[in-house]
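Naming: A, B, ... by sequence-line order, numbering from 1 per chain.
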Amino acid sequence: MPDHAISPTRDQDYPEWYQQVVRAADLADQSPVRGCMVIKPNGYAIWERMQSILDRMFKATGHQNAYFPLFIPLSYLEKEAKHVEGFAKECAVVTHHRLELGADGKLVPTGKLEEPLVVRPTSETIIGAMYAKWIQSWRDLPVLINQWANVVRWEMRPRVFLRTTEFLWQEGHTAHATREEAVEETLRMLDVYATFAERDLAMPVIKGPKPSGERFPGAVDTYSIEAMMQDGKALQAGTSHFLGQNFAQAQEIKFSSASGQEEYCWTTSWGVSTRLIGAVIMTHSDDDGLVLPPRIAPLQIVLLPIHRTPEERETVLACCRTLEAKLTAEHFGDEPLRVRIDSRDMRGGDKAWQHIKQGVPLRVEIGPRDLAAGTVSVSRRDKPPKERVSVPLDAIVEQASQLLEELQRGLFEKALAFREAHTVRLGSTEEVVAFFGGTAEPAPKGKGGSARSGFAHVHVADDPAVAAILDPLKVTVRCIPMEGDDEPGTCIVTGLFVNRRSVLARSY
RNA sequence: CGGGGCGUAGCGCAGUUGGUAGCGCGCCUGGUUUGGGACCAGGAGGUCGGGAGUUCGACUCUCCCCGCCCCGACCA
């Protein structure tokens, strides 16, 4: 066996490594439909963790869940000009509602629809239409609704979890009486995402507004959280949009104000998707497979009984059950520990490696020698695979949540250190070109670009001239960071005054 | 949609003067084993991505199609 479980390694071929991690951890499978994925139980369990944490956060900030239809009348999409422009190229359209058996024995669509239906690429239009019905008075505001749903965007280049034709997400849609309130909501949800990313996913993110070219179609302002993957590329991990009155005007979302005036609502929308699973994989995983932060790990501690004889099996398993009960009674992050005994009849080494590849944070081995000594043998996913520490049986119960906390924090700090090690401040176009490896740098044949350049903080104006310089480098302005010390300066391309530096990077 | 690479067992791969398939891992059975990817013996598993053509005969040659990966184009 090689000295690592995943081949190729990250250094050898990053995109291929990513796919092998997904396979080794049994997270997803290909579907017969191009660009779609089957999310397998191991992958879906991660999504369920994300859902449950985020859902609580949404409720805690006053939102309620609802569900809007998958199908959107074509005419709805036409209402907001920029919105159409942005999504028209990637819409699946339903034109028929029936199949008939043709002469050749094949099914053919018939029953043409009077108005084609678009499979939602996002739901602003249909939700807006409903809000227009529901909102009459300032007393009806704000409307704070979220929905968990699937959406379809006919992407040209799918990658499992990162960009698939159909994906799962949540989309929040809110309507407010004032601009200030809507902006506040936009930023509040951006904060929710940032907190979730950093606290639960252990993934450091940069919050900030997008330049105009990267805005959501129809938005006044788009804010994102941007994370750095281990190949130095940026991944947009969540977005929050201030939609101004654009959609309200297009869809007649109006209310009578306290002073009796008819006014347009101010709306927002915000979302994160199953892309976050890809983000977690690419932030933490190593050459032995998936590494999951304890807070989102569906299984936090796996108990591995070791025995030879039936008698040993009984006593060891009994001890495991007791330990499982004690551990399950403990809490980590306000939730009971997620513990399981893996008593499958297979070789211990294979079993252990399976859990390594699946990213289980803690492995606890219990064998006859442990029983005799009153200890267990503990391995951490953030340490080398063969490292084990002997711990007294009682101590593990007390220490479990603390260990998980250490792991969680360690992963965050490691990711943060990586980001910082690959972040620079640059002051000229020459430096930018040099940092990103020069123009038109071709990737190695058949390999992904393993050029691990990273983030460059640079003063740039929101101007086409900047894009003209960055374009050939395949670099984009990810966002303008809202936090951290920074000073005003002049744009390295246009010489225009700008308040802060922007983050430049290659991105997914 | 363009350029490149690739589709052979669950996974990773071999298989050129064309003669209808093999290796490693995995899987199943039995045994010996067992504190970190065991060993021995036996076994199951493939319409060689799909279709058409050339041929006595195609995994192999020709054409078309489909899918996957990388790079572009495109992308909240």
Between B/rA21 and B/rG49 - P atom distance, rounded Å
15 Å
Looking just at side-chain N and O atoms, do A/Arg120 and A/Thr122 make a donor-acceptor pair shorter than 3.5 Å?
no
Quick check for you: among B/rG36, B/rC75, B/rG37, whose closest atom lies nearest to any side-chain atom of A/Ala352?
B/rG36
Return the set of residues passing salt bridge (charged side-chain N to carboxylate O under 4.0 Å, His left out) with A/Asp200 (not counting sequence neighbours), or none when no residue passes.
A/Arg295
Gap in Å between the two C1' atoms, one belonging to B/rC61 and one to B/rG67, rounded:
23 Å
Does any residue of residues 206-215 of chain A have a heavy atom under 4.0 Å from RNA chain B, and if so, which ones, in number order?
A/Glu214, A/Arg215
Identify the nucleotide, in any strand shown, that forms a Watson-Crick or G-U wobble pair with B/rA38, with both distances under 3.5 Å; if there is none, say none.
B/rU32
A/Glu181 side chain near A/Pro142 side chain, heavy-atom distance below 4.5 Å:
yes
Same-atom distance (P) from B/rC1 to B/rA38, integer angstrom
47 Å
Looking at B/rG37, B/rG36, B/rC70, which one has an atom nearest to any side-chain atom of A/Lys357?
B/rG37
Could you give the CD-to-P distance, from A/Glu90 to B/rC1, as a whole number of Å?
17 Å
Might you work through the side-chain hydrogen bond (donor to acceptor under 3.5 Å, both in side chains) test for A/Ser224 and A/Arg478, ending with a clear yes or no?
CA-CA 8 Å; A/Ser224 73; A/Arg478 302 314 304 158; over 6 Å; no
To the nearest angstrom, the CD-C1' distance between A/Glu16 and B/rC11 comes to 12 Å
Looking at A/Arg506, A/Lys207, A/Lys233, A/Lys210, which hits salt bridge (Lys or Arg N to Asp or Glu O under 4.0 Å) with A/Glu226?
A/Lys210
Return the pairing partner of B/rG67 with a 3.5 Å limit on both distances, Watson-Crick or G-U wobble; otherwise return none.
B/rC6
So the salt bridge (charged side-chain N to carboxylate O under 4.0 Å, His left out) pairs with at least one residue in residues 357-381 of chain A (sequence neighbours excluded) are A/Asp286-A/Arg381, A/Glu365-A/Arg388, A/Arg380-A/Asp382, A/Arg380-A/Glu406
With a non-hydrogen cut-off below 4.0 angstrom, is A/Tyr508 in contact with a base, only sugar-phosphate, or nothing?
nothing
Is the phosphate of B/rG12 approached by A/Arg23 (side-chain N or O, under 4.0 Å from OP1 or OP2)?
yes
When both distances are under 3.5 Å in a Watson-Crick or G-U wobble arrangement, the nucleotide paired with B/rC27 is B/rG43
Rounding to the closest angstrom, what is the interatomic distance between B/rC65 and B/rG22 at atom P?
34 Å
Between the base of B/rG36 and the side chain of A/Ser379, is one N or O donor paired with an acceptor at under 3.5 angstrom?
yes
When you match A/Lys89 and A/Gln19 each to their closest nucleotide on RNA chain B, which lands nearer the 5' end?
A/Gln19
Determine the interatomic distance between P on B/rG3 and the same-named atom on B/rG15; round to the nearest Å.
27 Å
Quick one: side-chain hydrogen bond (donor to acceptor under 3.5 Å, both in side chains) partners of A/Lys40, sequence neighbours excluded?
A/Asp26
Pairwise salt bridge (charged side-chain N to carboxylate O under 4.0 Å, His left out) hits with a residue in residues 301-316 of chain A, at least two apart
none
Could you check whether A/Gly35 gets within reach of a base, just the sugar-phosphate, or nothing at all, counting any heavy atom under 4.0 Å?
sugar-phosphate
Protein-nucleotides 28-35 of chain B N/O pairs under 3.5 Å:
unit_1	atom_1	unit_2	atom_2	d
B/rU33	O2	A/Arg347	NH1	3.2
B/rG35	O2'	A/Arg369	NH2	2.8
B/rG35	N7	A/Arg369	NH1	3.4
B/rG35	O6	A/Gly367	O	3.0
B/rG35	O6	A/Pro368	N	2.8
B/rG35	O6	A/Arg369	N	2.3
B/rG35	O6	A/Asp370	N	3.0
B/rG35	N1	A/Gly367	N	3.2
B/rG35	N1	A/Asp370	OD2	2.4
B/rG35	N2	A/Asp370	OD2	2.5

Distance, P atom - from B/rU33 to B/rG46, rounded to whole angstrom
35 Å
Atom pairs and distances, donor-acceptor, side-chain atoms in residues 75-82 of chain A, under 3.5 Å, two or more places apart:
unit_1	atom_1	unit_2	atom_2	d
A/Ser75	OG	A/Glu115	OE2	2.7
A/Glu80	OE1	A/Lys82	N	3.0
A/Glu80	OE1	A/His83	N	2.9

Nucleotide paired to B/rG19 in any strand shown, Watson-Crick or G-U, under 3.5 Å:
B/rC56
Ring centroids only, cut at 6.0 angstrom: are A/Phe58 and A/Trp270 within range, meaning strictly under it?
yes
Compare the minimum distances between each of B/rC75, B/rG67, B/rG72 and the side chain of A/Arg34, then state the nucleotide with the smallest one.
B/rG67
Nearest to side-chain heavy atoms of A/Asp350, which nucleotide of B/rG36, B/rA73, B/rA38
B/rA38
By side-chain hydrogen bond (donor to acceptor under 3.5 Å, both in side chains) - contacts of A/Ser285 (at least two apart)
none
Pair assignment for B/rC1, Watson-Crick or G-U wobble, requiring both distances under 3.5 Å:
B/rG72
I'd like the C1' distance from B/rG51 over to B/rG7, given in whole Å.
16 Å
Please pick, from B/rG67, B/rG72, B/rG36, the nucleotide with the shortest atom-to-atom distance to any side-chain atom of A/Lys474.
B/rG72
Taking the minimum atom-to-atom distance to the side chain of A/Arg159, which one of B/rC69, B/rG37, B/rC70 wins?
B/rC70
Give the rounded distance in Å between these two atoms: NZ of A/Lys351 and C1' of B/rG36.
13 Å
Sticking with atom P, work out how far B/rA58 lies from B/rC48, rounded to a whole angstrom.
11 Å
Let me spell it out: for each of A/Arg163 and A/Val160, pick the nucleotide of RNA chain B with the closest heavy atom. Which residue's pick is nearer the 5' end?
A/Val160
With the side chain of A/Met156 defined as its heavy atoms from C-beta on, choose the nearest nucleotide among B/rA73, B/rC68, B/rG12.
B/rA73
Could you give all pairs that pass the side chain to side chain donor-acceptor pair (under 3.5 Å) test and reach residues 271-284 of chain A, with sequence neighbours left out?
none
Provide the closest heavy-atom pair for A/Ser343 versus A/Lys351 in the form atom of the first, atom of the second, distance.
C-NZ, 3.8 Å
Do A/Thr268 and A/Thr174 get their side chains close enough for a donor-acceptor pair, meaning under 3.5 Å?
yes
Short of 4.0 Å, heavy atom to strand atom, which residues of residues 116-124 of chain A count as contacting RNA chain B?
none
Go through the side-chain N and O atoms of A/Thr222 and A/His241 and say whether any donor and acceptor fall under 3.5 Å apart.
yes
Applying salt bridge (charged side-chain N to carboxylate O under 4.0 Å, His left out), name anything that partners A/Asp462, two or more places apart in sequence or on another chain.
none
Table of protein N/O atoms under 3.5 Å from nucleotides 43-49 of chain B N/O atoms:
none

